[in-house]
Amino acid sequence: MRYRKQTASGDYTFGQGIANFWVDRREAPAQAVLTRLRLLKGEWFVDLSAGTDWATRVLGKYTMSTYDPEIQQRIVGTQDVTALQEYQSIVDPQTRALRVSTRISTVYGETQIQESL
């Protein structure tokens, strides 16, 4: 897998040739997972069914039973992810933030992902 690296703020990196890419490393599918989670359903004009269903399955008052399966499905459906080893989500009711921590197996080895969504 070849995946363009991103900066801490989520912008693509440029100007360094092949050094701007993760090539056959566990960081590539990990970054692909984050990209898939951040893509809103209906946002990509080529395939309006692609994306995370944030509007009806993740966000909102009555989604406690649907947001974990939605996020987990997006993770395991990512190219080169072979298994979801650990998964934990924590909702902070004060800030209304969802923090996801997961350990995934990829064809290149295991990696940890922690993200506030």
Side-chain angles (χ1 to χ4, degrees):
M1 170 185 262
R2 179 177 164 161
Y3 212 86
R4 184 175 288 277
K5 293 179 183 178
Q6 295 178 343
T7 66
S9 62
D11 293 327
Y12 287 132
T13 59
F14 292 98
Q16 305 295 319
I18 194 68
N20 289 122
F21 294 89
W22 298 115
V23 179
D24 297 339
R25 296 189 46 151
R26 61 183 177 202
E27 291 87 352
Q31 188 168 306
V33 164
L34 292 175
T35 301
R36 284 173 49 85
L37 288 174
R38 293 174 183 153
L39 179 66
L40 301 175
K41 188 168 193 167
E43 184 177 28
W44 190 35
F45 71 94
V46 174
D47 182 358
L48 297 177
S49 68
T52 305
D53 195 354
W54 288 95
T56 60
R57 299 197 41 91
V58 179
L59 302 175
K61 189 172 184 178
Y62 302 106
T63 59
M64 296 231 13
S65 65
T66 60
Y67 70 78
D68 281 332
E70 176 74 9
I71 292 170
Q72 291 170 353
Q73 181 274 328
R74 295 292 290 166
I75 293 170
V76 297
T78 304
Q79 179 183 338
D80 290 345
V81 172
T82 57
L84 183 63
Q85 298 297 331
E86 295 176 11
Y87 176 87
Q88 180 183 26
S89 66
I90 300 170
V91 175
D92 184 344
Q94 300 299 322
T95 62
R96 297 171 47 182
L98 173 63
R99 181 152 185 83
V100 172
S101 176
T102 185
R103 185 170 52 92
I104 59 172
S105 292
T106 74
V107 296
Y108 311 108
E110 289 188 358
T111 189
Q112 185 85 19
I113 301 171
Q114 294 184 356
E115 182 71 11
S116 290
L117 303 167

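For reference, positions follow the sequence shown, starting with 1.
E27 contributes atom CD, which lies 13.5 Å from atom OH of Y3 (distance to the nearest 0.5 angstrom). Taken to the nearest 0.5 Å, the CZ atom of R57 stands 12.0 Å off from the CZ atom of R74. Residue I71 holds its CD1 atom at 10.5 Å from OG1 of T102, rounded to the nearest 0.5 Å.
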Audit row: V100, Y87, side-chain contact (heavy atoms from CB on, under 4.5 Å) steps and yes/no: CA-CA 7 Å; V100 172; Y87 176 87; 3.7 Å; yes
side-chain contact (heavy atoms from CB on, under 4.5 Å) between Q6 and T35, worked out: CA-CA 10 Å; Q6 295 178 343; T35 301; 3.9 Å; yes
side-chain contact (heavy atoms from CB on, under 4.5 Å) between E115 and L34, worked out: CA-CA 8 Å; E115 182 71 11; L34 292 175; 3.8 Å; yes
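For the pair R103 (side chain) and E86 (backbone), a donor-acceptor distance under 3.5 Å is absent. Remark: the backbone N or O of T7 is not paired with any side-chain donor or acceptor of D11 at under 3.5 angstrom. Judged by distance alone, the side chain of T52 and the main-chain N or O of R38 form no donor-acceptor pair under 3.5 Å. A donor-acceptor pair under 3.5 Å is formed between the side chain of Y108 and the backbone N or O of M1. Counting only distance, with no hydrogens or angles, the side chain of T82 and the backbone of V107 share no donor-acceptor pair below 3.5 Å. A side-chain donor-acceptor contact under 3.5 Å links R4 to the backbone of T13.
Taking the side chain as every heavy atom from C-beta outward, T63 and V58 never approach each other to under 4.5 Å. Within the 4.5 Å cutoff, the side chain of W22 has heavy atoms near those of the K5 side chain. Between R2 and I18 the shortest side-chain heavy-atom distance falls below 4.5 Å.
In terms of hydrophobic clustering, with Ile, Leu, Val, Met, Phe, Trp and Tyr side chains grouped at heavy-atom distances under 4.5 Å, L59 and I75 are assigned to a common cluster. No single ILVMFWY cluster, assembled from side-chain heavy atoms under 4.5 Å apart, contains both Y67 and Y62.
Residues T78 and P29 come closest through the heavy atom pair CG2-O, 4.0 Å.
A 6.0 Å sphere centred on OH of Y12 holds no more than 12 heavy atoms belonging to other residues, nucleotides or ligands.
A side-chain N or O of S101 and one of Q112 form a donor-acceptor pair less than 3.5 Å apart.
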